Amino acid sequence: MDRLLKAMKFAAEKHARQRRKNSEATPYINHPIEVAEHLARVGRIADEDILVAALLHDTVEDTQTTFEEIAESFGARVAGIVRECTDDKSLEKVERKRLQVVNAPRKSPEAKCVKIADKTCNLASILTDPPEGWSLRRRQEYFAWAEQVVHGLLGVNDRLDVFVNEVLVRGRQVLDARD
Ligand code: ZN
């Protein structure tokens, strides 16, 4: 429990000045907390390293945090999972998105769980509270891309798989119905 709270505090400080892209500009920290909570409640995951990695999963990609810093404070296993969930921001966005699809099946089971929970939370919020200014077309394209990534992540945790499939089905109903 101490490590979870320490990770929550660490992530809250790192993301302190960031907001989500929804209309209310929700504090960024809500997202990693939601991902970790999804893994614990829906996935029934009790492996603390996975939950800690979920809380930290966007710190290197979106803040000045380094993998060394995470390894020092939370251990090499957590840093390794976060590394697997971090896009290389030196690449073009199109290439990063392509690599997410290609690399998804090669990830460790731990990273697959964090990534599938991340995609699940992002997809669910696109349906209920989408990023400001996202057209229907953009939301449909995000779903189509995320579905490809998710397919490479399935097969580790049945509960997470069932849940994300439900969100994908709901997305098709909601977004395609408006064509
Ligand atoms: Zn995320």
Side-chain angles (χ1 to χ4, degrees), residues 4 7-43 45 47-67 69-70 74 78-91 93 95-104 107-132 134 138-139 141-154 156-157 160-161 163-164 167-168 171:
L4 277 176
M8 213 177 283
K9 181 179 174 220
F10 182 96
E13 285 170 359
K14 294 293 189 181
H15 292 298
R17 281 174 298 280
Q18 296 175 317
R19 296 288 179 273
R20 298 289 285 170
K21 295 180 204 149
N22 61 333
S23 60
E24 286 183 13
T26 304
Y28 198 91
I29 188 63
N30 287 33
H31 166 66
I33 290 175
E34 194 185 4
V35 172
E37 195 271 344
H38 182 77
L39 288 167
R41 178 176 49 84
V42 176
I45 286 172
D47 182 332
E48 203 178 71
D49 281 344
I50 297 179
L51 301 178
V52 166
L55 289 169
L56 304 176
H57 80 272
D58 280 329
T59 56
V60 177
E61 193 170 303
D62 293 336
T63 79
Q64 301 298 315
T65 311
T66 63
F67 294 118
E69 214 179 333
I70 291 178
F74 301 99
V78 170
I81 300 169
V82 174
R83 187 183 290 274
E84 286 189 86
C85 296
T86 301
D87 279 357
D88 180 352
K89 281 249 176 131
S90 68
L91 301 172
K93 190 168 180 191
E95 176 65 358
R96 294 204 311 261
K97 295 193 97 167
R98 188 188 71 83
L99 285 175
Q100 280 207 33
V101 176
V102 172
N103 291 333
K107 297 201 181 293
S108 68
E110 293 86 346
K112 281 181 177 173
C113 287
V114 174
K115 281 223 63 129
I116 212 166
D118 184 31
K119 284 286 174 285
T120 303
C121 293
N122 285 336
L123 289 167
S125 44
I126 281 170
L127 294 181
T128 57
D129 187 18
E132 186 98 304
W134 274 36
R138 184 154 181 203
R139 283 176 275 156
E141 282 171 359
Y142 186 92
F143 259 76
W145 166 74
E147 182 158 13
Q148 292 182 64
V149 180
V150 163
H151 277 150
L153 302 168
L154 297 170
V156 179
N157 181 303
L160 295 177
D161 292 357
F163 196 103
V164 77
V167 175
L168 287 167

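What you are looking at is a predicted structure, and each value in this text was computed from that prediction instead of being measured. Whatever order the structure lists ligands and atoms in, that order sets their numbers, starting from 1.
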K.L.:
Using the salt bridge (charged side-chain N to carboxylate O under 4.0 Å, His left out) rule, pick out the option among Lys14, Lys21, Lys89 that qualifies with Asp62.
P.N.:
Lys89
K.L.:
Considering the options Leu56, Ile70, Thr86, which one meets the side chain to side chain contact (heavy atoms under 4.5 Å, CB included) requirement together with Thr65?
P.N.:
Ile70
K.L.:
In a check of salt bridge (charged side-chain N to carboxylate O under 4.0 Å, His left out) between Glu95 and each of Lys93, Lys97, Arg98, which one passes?
P.N.:
Arg98
K.L.:
Taking the Zn ion (ligand 1) as the centre, count the protein N/O/S atoms lying under 2.8 Å from it.
P.N.:
4
K.L.:
Could you give all pairs that pass the salt bridge (charged side-chain N to carboxylate O under 4.0 Å, His left out) test and reach residues 27-38, with sequence neighbours left out?
P.N.:
Glu37-Arg41
K.L.:
Quick one: does NZ or CZ of Arg20 land under 6.0 Å from the six-membered ring centre of Tyr28, within 45 degrees of the ring axis?
P.N.:
yes
K.L.:
Can you label the angle between the His57 ring and the His31 ring as parallel, tilted or perpendicular, going by 30° and 60°?
P.N.:
perpendicular
